[in-house]
*Asks:* 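One structure, pasted below without further comment.
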Amino acid sequence: MEHIECLIIGSGPAGYTAAIYAARADMKPVVYEGMQPGGQLTITTDVENYPGYPNGIMGPEMMELFKTQAVRLGTDVRFGLITSVDFSSGKPPYIVSVDDNIQISAATVIISTGASARWLGIPSETRLNGSGVSACAVCDGFFFRQQPVAIVGGGDTACEEASYLAKICSKVYMLVRGDNFRASKAMQHRVLNTPNIEVLFNTDTDEILGDKAVTGLRVKNNKTGETREVEIGGFFVAIGHTPNTTIFKPWIEMDATGYIITKPDSTHTNVEGVFACGDAQDKTYRQAVTAAGTGCMAALDAERYLSSVMHSK
Ligand SMILES: Cc1cc2nc3c(=O)[nH]c(=O)nc-3n(C[C@H](O)[C@H](O)[C@H](O)COP(=O)(O)OP(=O)(O)OC[C@H]3O[C@@H](n4cnc5c(N)ncnc54)[C@H](O)[C@@H]3O)c2cc1C
């Protein structure tokens, strides 16, 4: 069976940054790319908030550069999905299955499997994704400054993102499915007291309008059946994210949604030799730069862990 010193699961900003650091520490990292090589940024257009690109960069191009850098420094990047892990021994090496048919063993495992935004599932949302439809207000709100936008969701994140958008956009329509928010009282107050946020309760998205880019929205009151059209430039979905962590569930400590819990000020999980970084353990910031930052931490933590094991022998 092949033995790997540092196995990195996932090829987004967190995984590739971990790879860059692990390769430079001579840990011979192997990255398995998973079903979305390059991660979430490969489904977006301009990235304008990642430092070092003064004119912005397209998401897919940026992730190619991450990969090139990781490979140049000695990372072995492989196409394949980790389909199961066995951390039951609580001590490395751990056995991991790739594509359900190959087994490898790993001395350290870095989990950087990210999270997937939840979508409404209507055709116009898919058609206009990246052309005005987004699941990240902090990432894409800037492109709609001084324009009206809409946001769907009634939880804390939706309220937080609506408040963020209200500072840069002329008007924010907030679509809440029920007749009340799910958000905390404090967040509700903040939204309800922001003059340019109009909250539409009992409201569903009927259709996002626009040919090549979002130009408007048809909403439907789910109590009266009444529809209404509003002009918007951007449509934001804030109905939650699902971390890609199901295969780790039997062993790794997680919160109720599936976000991995790491030990304070580190990327250590509850299982020895297993580290987590990026969106898989971050429900608060969810940005490329924070994912990269924690990817760096995970590689440093893994390297220190390996050295401590070596010295204790
Ligand atoms: C539309 C959109 C636009 C965005 N725009 C910006 C922006 O402008 N600026 C910004 O900072 N952030 C932006 N973000 C957020 C940013 O993309 C994420 O915060 C960042 O990509 C998280 O990095 P990550 O490495 O943790 O995970 P991800 O990028 O989600 O990568 C996860 C990786 O894990 C792999 N994987 C999952 N399961 C397995 C498995 N079982 N085996 C092997 N591999 C697996 C996937 O294939 C993928 O490669 C945007 C997000 C979206 C969706």
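Each ligand, and each atom within it, is numbered from 1 in the order the structure gives. Given the structure is predicted, the values throughout are model-derived calculations rather than measurements.
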*Asks:* Would you find a donor on one side and an acceptor on the other, under 3.5 Å apart, between the side chain of Gln188 and the backbone of Ala183?
*Replies:* yes
*Asks:* What about Ile247: any of its N or O atoms under 3.5 Å from an N or O on ligand 1?
*Replies:*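 Among all N and O atoms of Ile247, none is under 3.5 Å from an N or O of ligand 1.
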*Asks:* Between ligand 1 and Gly278, is the shortest N or O to N or O distance under 3.5 Å?
*Replies:*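 No, Gly278 has no N/O under 3.5 Å of an N/O on ligand 1.
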*Asks:* Would you mind checking which non-hydrogen protein atom is closest to atom 30 (O) of ligand 1, with the distance to 0.1 Å?
*Replies:* Gln40 NE2, 2.8 Å
*Asks:* Show me which atoms of ligand 1 lie under 4.0 Å from any heavy atom of Gly10.
*Replies:* 33 (C), 34 (O), 35 (C), 44 (N)
*Asks:* Where's the contact between Thr113 and ligand 1, heavy-atom distance under 4.0 Å: side chain, backbone, both or neither?
*Replies:*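 Both backbone and side chain.
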*Asks:* Need the ligand 1 atom indices (1-based, order shown) with element for anything under 4.0 Å from a heavy-atom of Gly34.
*Replies:*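 Selected atoms, number and element: 43 (C), 44 (N), 45 (C), 47 (O).
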*Asks:* Measure the distance from atom 6 (C) of ligand 1 to every protein heavy atom, then report the residue, atom name and distance (to 0.1 Å) of the closest one.
*Replies:*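 Going atom by atom, the protein heavy atom closest to atom 6 (C) of ligand 1 ends up being Cys139 SG, 3.1 Å.
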*Asks:* Among Gly39, Pro243, Gly15, which one puts a heavy atom closest to atom 31 (O) of ligand 1?
*Replies:*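 Considering heavy atoms of Gly39, Pro243, Gly15, the nearest to atom 31 (O) of ligand 1 sits in Gly39.
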*Asks:* Identify whether the distance between the nearest side-chain nitrogen and carboxylate oxygen of Glu303 and Lys28 falls below 4.0 Å.
*Replies:*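 No salt bridge links Glu303 with Lys28.
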*Asks:* What's the shortest distance from atom 15 (C) of ligand 1 to any protein heavy atom, and which residue and atom give it?
*Replies:* Arg286 O, 3.6 Å
*Asks:* Quick one: pull up CZ in Arg127 and CD1 in Ile122 and give me the separation to the nearest 0.5 Å.
*Replies:* 10.0 Å
*Asks:* Have a look at ligand 1 and work out which part of Glu48, if any, has a heavy atom under 4.0 Å from it: side chain, backbone, both or neither.
*Replies:*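 No part of Glu48 comes within reach of ligand 1.
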*Asks:* Looking at Arg218 and Glu226, is any side-chain nitrogen of the basic one under 4.0 Å from a carboxylate oxygen of the acidic one?
*Replies:*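 Salt bridge flag = no for Arg218 with Glu226.
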*Asks:* Under 4.0 Å from a heavy atom of Gln36: which atoms of ligand 1 are those, numbered in the order shown and with their elements?
*Replies:* 46 (C), 47 (O), 48 (C), 49 (O)
*Asks:* Quick one: nearest non-hydrogen protein atom to atom 18 (C) of ligand 1, plus distance?
*Replies:* Asp279 OD2, 3.3 Å
*Asks:* Applying a 4.0 Å heavy-atom criterion (strictly less than), which segment of Ala291 is in contact with ligand 1: side chain, backbone, both, or neither?
*Replies:*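 Contact part for Ala291 vs ligand 1: side chain (C-beta onward).
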*Asks:* What residue and atom, counting heavy atoms only, is the protein's closest point to atom 12 (N) of ligand 1, and at what distance?
*Replies:* Ala288 N, 3.4 Å
*Asks:* If you have a sec, work out which protein heavy atom is nearest atom 9 (N) of ligand 1 and how many Å separate them, to one decimal?
*Replies:* Asn49 OD1, 2.8 Å
*Asks:* Out of all atoms in ligand 1, which are within 4.0 Å of some heavy atom of Met35? Include the element for each.
*Replies:* 37 (C), 38 (N), 47 (O)
*Asks:* Give yes or no for whether the N/O distance cutoff of 3.5 Å, strictly under, is met between Pro13 and ligand 1.
*Replies:* yes
*Asks:* What protein heavy atom is closest to atom 27 (O) of ligand 1, reported as residue, atom name and distance in Å?
*Replies:*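 Going by distance alone, atom 27 (O) of ligand 1 is nearest to Gly114 CA, 3.3 Å.
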*Asks:* Under the criterion side chain to side chain donor-acceptor pair (under 3.5 Å), which of Arg286, Gln287, Gln40 is the partner of Asp279?
*Replies:* Gln40
*Asks:* Which of the atoms of ligand 1 are close to Ser112, meaning less than 4.0 Å from one of its heavy atoms?
*Replies:* 32 (C), 33 (C), 34 (O)
*Asks:* Look at Glu33 together with Arg78 and state whether they make a salt bridge at an N to O cut-off of under 4.0 Å.
*Replies:* no
*Asks:* Is the shortest heavy-atom distance from the side chain of Thr269 to the side chain of Phe87 under 4.5 Å?
*Replies:* no
*Asks:* Which of the numbered atoms in ligand 1 are below 4.0 angstrom from a heavy atom of Tyr32?
*Replies:* 43 (C), 44 (N)
*Asks:* If you have a sec, work out which protein heavy atom is nearest atom 25 (O) of ligand 1 and how many Å separate them, to one decimal?
*Replies:* Ala14 N, 2.9 Å
*Asks:* Report the part of Thr44 (side chain from C-beta onward, or backbone N, CA, C, O) that has a heavy atom under 4.0 Å from ligand 1; answer both or neither where that applies.
*Replies:* side chain
*Asks:* Ring centroid separation for Tyr164 and Phe142, is it under 6.0 angstrom?
*Replies:*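 Between Tyr164 and Phe142, the centre distance exceeds or equals 6.0 Å.
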*Asks:* Within ligand 1, which atoms have a heavy atom of Ser11 less than 4.0 Å away?
*Replies:*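 Under 4.0 Å from Ser11, ligand 1 has these atoms: 33 (C), 34 (O), 48 (C), 49 (O).
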*Asks:* Is there a donor-acceptor contact under 3.5 Å from the side chain of Ser112 to the main chain of Cys277?
*Replies:*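 Absent.
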*Asks:* Taking only heavy atoms of Glu33, which atoms of ligand 1 are found under 4.0 Å from at least one of them?
*Replies:*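 Selected atoms, number and element: 35 (C), 44 (N), 46 (C), 47 (O), 48 (C), 49 (O).
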*Asks:* Could you check whether Lys223 pairs with Asp179 (Lys NZ or Arg NE/NH1/NH2 to Asp/Glu carboxylate O, under 4.0 Å)?
*Replies:* yes
*Asks:* Please state whether the rings of Phe66 and Tyr16 are parallel, tilted or perpendicular, taking 30° and 60° as the class boundaries.
*Replies:*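 Phe66 vs Tyr16 ring planes: tilted.
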*Asks:* Ring centres under 6.0 Å, that's the criterion: do Phe201 and Phe181 meet it?
*Replies:*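 Ring centres of Phe181 and Phe201 closer than 6.0 Å.
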*Asks:* Please check if any side-chain donor atom of Thr242 sits under 3.5 Å from a side-chain acceptor atom of Arg118, or the reverse.
*Replies:*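 There is such a pair (donor and acceptor under 3.5 Å, judged by atom type) between the side chains of Thr242 and Arg118.
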